[in-house]
Amino acid sequence: GQDGRRAIIVPDEYIAWHAGEHNANYLGCELEQGTANEPYTDIQYNILVIWIKEMANKYSFTINRNTLLGHDETPQGIRVGKSDPGYMFDWNQIMSKL
């Protein structure tokens with residue numbers, strides 16, 4: 001949430017309907033955003049960094065821009081025209097904290 005709330009909708013050991021054809025191979029995280037023009041909050045970035053580190057530790061993956069993708073960067077997302085996390089998302093802020 002924009003206030004730092006964190007919720008697990010589907011436990012990690014289950015496959016969620018999150019990213020279409022990538023559901024079985026990708027972890028999914030959603031960030032609350034009221035409108036496409038509304039910036040993400042600092043607390044959202046901080047909580048996301050914590051979650052990424054937890055998942056990298058749990059599933060032993062390297063953290064870099066090749067392993068962290070927005071929906072708009074996945075093959076399916078590109079094909080179907082996904083636009084999230086959107087232009088308001090600051091990848092540099094995430095990467096600088098990891």
Side-chain angles (χ1 to χ4, degrees):
Q2 293 174 322
D3 61 359
R5 286 173 294 123
R6 202 170 139 175
I8 296 173
I9 306 304
V10 178
D12 297 338
E13 60 271 14
Y14 293 103
I15 296 174
W17 184 255
H18 177 81
E21 67 195 48
H22 305 296
N23 291 332
N25 302 313
Y26 286 64
L27 294 166
C29 180
E30 293 289 341
L31 298 175
E32 179 182 30
Q33 185 183 28
T35 68
N37 296 323
E38 189 173 342
Y40 296 98
T41 65
D42 287 338
I43 191 74
Q44 285 178 292
Y45 286 115
N46 293 337
I47 293 296
L48 180 57
V49 165
I50 291 167
W51 181 79
I52 291 168
K53 288 178 179 179
E54 288 172 354
M55 295 300 103
N57 184 54
K58 183 175 182 177
Y59 294 106
S60 301
F61 63 84
T62 302
I63 300 172
N64 60 48
R65 278 296 283 130
N66 292 321
T67 58
L68 302 177
L69 302 173
H71 285 164
D72 56 347
E73 299 173 310
T74 66
Q76 180 197 12
I78 293 167
R79 269 196 324 278
V80 301
K82 291 279 190 178
S83 61
D84 57 313
Y87 69 94
M88 296 298 292
F89 189 79
D90 186 354
W91 281 106
N92 291 327
Q93 187 172 162
I94 292 295
M95 299 312 296
S96 71
K97 295 178 180 185
L98 289 169

For this session: Please name all residues satisfying salt bridge (charged side-chain N to carboxylate O under 4.0 Å, His left out) with Arg5, sequence neighbours left out, ordered by chain then number.
Result: Asp3, Glu32

Exercise. Among all residues two or more places apart in sequence or in another chain, which pass the side chain to side chain donor-acceptor pair (under 3.5 Å) test with Lys97?
Worked result: Asn46, Gln93

For this session: Name all residues meeting the side-chain contact (heavy atoms from CB on, under 4.5 Å) criterion together with Gln33; count only those two or more places apart in sequence or in a different chain, and write none if there are none.
Result: Glu38, Tyr40, Met88

For this session: Among residues two or more places apart or on two chains, list those pairs meeting salt bridge (charged side-chain N to carboxylate O under 4.0 Å, His left out) that have a residue in residues 76-91.
Result: Glu21-Arg79

Problem set entry | Closest heavy-atom pair and its distance - Thr41, Gln2 | OG1-O, 2.9 Å

Exercise. What is the minimum heavy-atom distance between Gly4 and Ile47, and which atoms define it?
Worked result: O-CG1, 3.9 Å

For this session: Using the side chain to side chain donor-acceptor pair (under 3.5 Å) rule, pick out the option among His18, His22, Gln76 that qualifies with His71.
Result: His18

Problem set entry | Nearest atoms (heavy-atom pairs only) where Cys29 meets Trp51 | CB-CZ3, 3.6 Å

Exercise. Is the shortest heavy-atom distance from the side chain of Met95 to the side chain of Leu98 under 4.5 Å?
Worked result: yes

For this session: Treating Ile, Leu, Val, Met, Phe, Trp and Tyr as nodes and any side-chain heavy-atom pair under 4.5 angstrom as an edge, say whether Leu48 and Tyr87 lie in one connected cluster.
Result: yes

Seminar exercise, completed: Nearest heavy-atom contact between Trp91 and Gly70 is CZ2-N, 3.6 Å

Check residues 54-63 and write down every donor-acceptor pair under 3.5 Å in which the side-chain atom is one partner and the other belongs to a residue at least two apart or another chain.
from: Glu54; atom 1: OE1; to: Arg6; atom 2: NH1; distance (Å): 3.4
from: Glu54; atom 1: OE1; to: Arg6; atom 2: NH2; distance (Å): 2.4
from: Lys58; atom 1: NZ; to: Asp12; atom 2: OD2; distance (Å): 2.9

For this session: Kindly write out the residues that satisfy ring-ring contact (aromatic ring centres under 6.0 Å, His included) with Tyr45, not counting sequence neighbours, or none if the list is empty.
Result: Phe89

Exercise. Out of curiosity, Arg65 CZ to Thr67 OG1, how far, rounded to the nearest 0.5 Å?
Worked result: 9.0 Å

Exercise. Where is the tightest heavy-atom contact between Gly86 and Asp72, given as atom of each residue plus distance?
Worked result: N-OD2, 4.4 Å

